[in-house]
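Keep in mind the model is a prediction, meaning the values are calculated, not measured.
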Amino acid sequence: MIVHIGRINQRDVKALEESGDISNYKGSDHIGKGGIEQYYERSLHGKTGFQQVEIDAGGEAVRVLANTPPVPGDNLILSVDAKMQEIAETAFGARRGALVAMDPKTGEVLSYVSMPTFDPNLFVDGIDADTWKTLNGSLDRPLINRPIRGIHPPGSTYKPFMALAALETGKRTPNQSIVDPGYFNFGNHTFRDDKVGGHGVVDMAKSIIDSCNTYYYHLARDMGVNLMHDFMKPFGFGQITGIDLQGEVRGILPSTDWKQKAFKKPEQQRWYEGETISLGIGQGYNSFTILQLAHATATLANRGIVMKPHIVKSIENPITKDKKLTTPKESYRIDLKPENLEVIKNAMVDVNRFGTSSRVFTDAKYVAAGKTGTAQVFSLNSKNYNHGATPEFLRDHALYIVFAPADKPKIAIGMIVENAGFGAAHAAPIARRALDYYLEGRWPKEVPEWKNAP
């Protein structure tokens, strides 16, 4: 058996760009097509007033024939919490990445971070050539709108959704276990776990708490690419969310149909079973935006009720002060069994209690449900991977998803710290700061308690 592994190389990138399925790859250097002002231009513009005036031969006004007063534009009421925005941006420091925090019940975006950022005032009067060259040529890509234009594999943050898919489709029960030797053989390829020697006996909860790759290699094989696609699509993976910003990209939620459309050569269009295996751990062709990851997490927290993400909470009439919600109702509902949702929620709570991010949440006064993730940038040999010895821009990404309080969620977060490595060490602490402020009003200490987290 010849096994094709789900990874994207430069040949694939060219094929994907030509297919029109995505407009960038791994966050390539494209500026988003405008912000809130451009999206709501018609509401903000109002109506221009004018007068029709009769003048004499000397050009002097004689009388006003008609008078139409100007109508001011509407006011936009944003949902972004300015203080939480400051906390998150400060926590990133000089690191690259993105964070989106949402209210699961409404879809309101509470924080929208793209780092590094730049001073927009540089563009007001026309940017000079040297400054433009510096911004546009920077390896840190400050001009990219990362939450909606940077696409990345979700890594292990995908596992709770895979586990839920397994329960909903009947592919697994919560108590069904495997014995993990630390690897999974398929054809002529060995898919390795992150723990040498494996995790031993692993049921569903342990697979999430300890982030066992081997469990999800087996599950991906049993589910198949199309079943995974069909379950994940309603959660918004690889879909346009419809957020009130222009320039959002779709990303890639793979399927056999997608591959046939994305590639031109028949041998490239064929789906190989080996490509399915790595999809289970959020790798392979899986490529999503951080907004999609946050949106899916909010939908999970909201028990399958899908709310469209939006930054403008309401539009206010400047004269009457009447306000109109931009997203007054849900988009749709995913039919999910409550008992299955409880299994996933409880496992994610235990991730923060006993699992990969437990040190970050040791003293938290609220219960949060989370999942760490580490995603490969390129297909390096994970057996010999050395984070410190790897060139910076080839290092693994750190990801994290969380919602809290776990039983009655008020906030859901999806985030990435690019090329940082382990999600628990570099992504979860940033989310913790945001949660502490939003849920408890706590301003973070200059040196957080979890600074020595592994």
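Of the N and O atoms on the side chains of Thr299 and Asn302, not one donor lies less than 3.5 Å from an acceptor on the other residue. Donor-acceptor pairing under 3.5 Å is lacking for the side chains of Lys206 and Ser177. Looking at Asn352 and Ser357, their side chains do bring a donor and an acceptor atom within 3.5 Å of each other. Using modelled atom types, one finds no donor on one side chain facing an acceptor on the other under 3.5 Å when comparing Thr374 with Asp396. Using a 3.5 Å distance cut-off with no hydrogens or angles, the side chains of Ser207 and Tyr216 do pair a donor with an acceptor. Side chains of Tyr112 and Gln85: no donor on one and acceptor on the other come within 3.5 Å. When only modelled atom types and interatomic distance are considered, Tyr217 and Asp193 share no side-chain donor-acceptor pair under 3.5 Å.
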Given Met232 and Met162, is the side chain to side chain contact (heavy atoms under 4.5 Å, CB included) satisfied, shown in steps? CA-CA 8 Å; Met232 298 300 177; Met162 283 292 298; 3.8 Å; yes
Decide side chain to side chain contact (heavy atoms under 4.5 Å, CB included) for Val417 and Phe92; before the verdict, give the C-alpha distance in whole Å, the side-chain angles of both, and the deciding distance to 0.1 Å. CA-CA 8 Å; Val417 183; Phe92 267 93; 3.9 Å; yes
Give the intermediate values and the outcome of salt bridge (Lys or Arg N to Asp or Glu O under 4.0 Å) for residues Arg432 and Asp436. CA-CA 6 Å; Arg432 168 73 194 274; Asp436 281 355; 2.9 Å; yes
Determine, step by step, whether Leu110 and Ile411 satisfy the side chain to side chain contact (heavy atoms under 4.5 Å, CB included) criterion, reporting the C-alpha distance in whole Å, the side-chain angles of both residues, the deciding distance to 0.1 Å, and the verdict. CA-CA 8 Å; Leu110 306 172; Ile411 181 173; 4.0 Å; yes
Determine whether Ile281 and Lys159 satisfy the following criterion, side chain to side chain contact (heavy atoms under 4.5 Å, CB included), listing intermediate values before the conclusion. CA-CA 6 Å; Ile281 63 167; Lys159 290 174 181 175; 4.0 Å; yes
Between Arg303 and Glu342, does the salt bridge (Lys or Arg N to Asp or Glu O under 4.0 Å) criterion hold? Intermediate values first, please. CA-CA 10 Å; Arg303 308 184 74 79; Glu342 283 298 302; 3.4 Å; yes
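No side-chain heavy atom of Arg95 sits less than 4.5 Å from a side-chain heavy atom of Met115. Inter-residue side-chain proximity for Thr134 and Trp132 is flagged as unmet; no heavy-atom pair is nearer than 4.5 Å. Counting heavy atoms from C-beta outward, His295 and Lys308 have side chains that stay 4.5 Å or more apart. With contacts defined as side-chain heavy-atom distances shorter than 4.5 Å, the pair Glu37/Leu44 qualifies. Within the 4.5 Å cutoff, the side chain of Asp194 has heavy atoms near those of the His199 side chain. Looking at Arg149 and Glu248, their side chains never come closer than 4.5 Å, going by heavy atoms from C-beta outward. With a 4.5 Å cut-off on side-chain heavy atoms, Tyr39 and Leu245 do not count as touching. Looking at Leu253 and Gln239, their side chains come closer than 4.5 Å, going by heavy atoms from C-beta outward.
Annotation: the span from Asn213 atom CG to Ser156 atom OG amounts to 5.5 Å, rounded to 0.5 Å. Atom CG of Leu325 sits about 7.5 Å away from atom NE2 of His310, to the nearest 0.5 Å. Atom OG1 of residue Thr241 and atom CD of residue Gln292 lie 7.0 Å apart, to the nearest 0.5 angstrom. Of the inter-residue distances, the one linking Asn185 atom CG with Phe191 atom CZ reads 9.5 Å to the nearest 0.5 angstrom. Taking CD1 from Ile243 and OG1 from Thr289, the interatomic distance works out to 9.0 Å, rounded to the nearest 0.5 Å. Distance check, rounded to the nearest 0.5 Å: CG of Leu293 to NZ of Lys371 gives 11.5 Å.
Lys345 and Asp407 are joined by a salt bridge, as a carboxylate oxygen and a charged side-chain nitrogen come within less than 4.0 angstrom of each other. A salt bridge links Glu418 with Arg146: at least one charged nitrogen is closer than 4.0 Å to a carboxylate oxygen. Between Lys195 and Asp210 no salt bridge is recorded (no basic side-chain N to carboxylate O distance below 4.0 Å). Classification of Glu267 and Arg270 as a salt-bridged pair fails, no side-chain N sitting under 4.0 Å from a carboxylate O.
The minimum heavy-atom distance linking Ala368 with Leu435 is given by the pair CB-CD1, 4.5 Å. The minimum heavy-atom distance linking Pro254 with His229 is given by the pair O-CB, 3.5 Å. Across every non-hydrogen atom of Asp180 and Cys212, the tightest pair is OD2-SG, 3.4 Å. Between Phe161 and Thr297, the shortest heavy-atom distance links the atoms CZ-N, 3.9 Å. In this structure, Val100 and Pro147 approach most closely via the heavy-atom pair CG2-CB, 3.7 Å. Looking at every heavy atom in both residues, Met307 comes nearest to Ser331 through C-OG, 4.3 Å.
In this structure a side-chain-to-backbone donor-acceptor pair under 3.5 Å is present from Glu275 to Tyr272. Judged purely by atom type and a 3.5 angstrom limit, Asp244 uses its side chain to pair as donor or acceptor with the backbone of Val312. Put simply, the side chain of Ser211 never gets that close to the backbone of Ile208: no donor and acceptor are under 3.5 Å apart. Put simply, the side chain of Asn286 gets close to the backbone of Gln283: a donor and an acceptor are under 3.5 Å apart. Checking side-chain atoms of Asn226 against main-chain N and O of Thr256 turns up a donor-acceptor pair under 3.5 Å. Judged by distance alone, with hydrogens and angles left aside, the side-chain atoms of Glu108 form no donor-acceptor pair with the main-chain N or O of Ser79 at under 3.5 Å.
Within a 6.0 Å sphere centred on NZ of Lys313, heavy atoms belonging to other residues, nucleotides or ligands number 12 at most. Counting non-hydrogen atoms of neighbouring residues, nucleotides and ligands closer than 6.0 angstrom, the CG atom of Asp335 reaches no more than 12 such neighbours. Within 6.0 Å of OH in Tyr40 there are more than 12 heavy atoms belonging to other residues, nucleotides or ligands.
The aromatic rings of His397 and His152 lie perpendicular to each other, with more than 60° between the two planes, well past the 30° mark. Between Phe288 and Tyr158, the ring-plane angle classifies as tilted under the 30° and 60° cut-offs. Between Trp271 and Trp258, the angle of the ring planes goes over 60°, which puts this pair in the perpendicular group of the 30/60° scheme.
The side-chain tip of Arg353 does not point at the ring of Phe361 from less than 6.0 angstrom away and within 45° of straight on.
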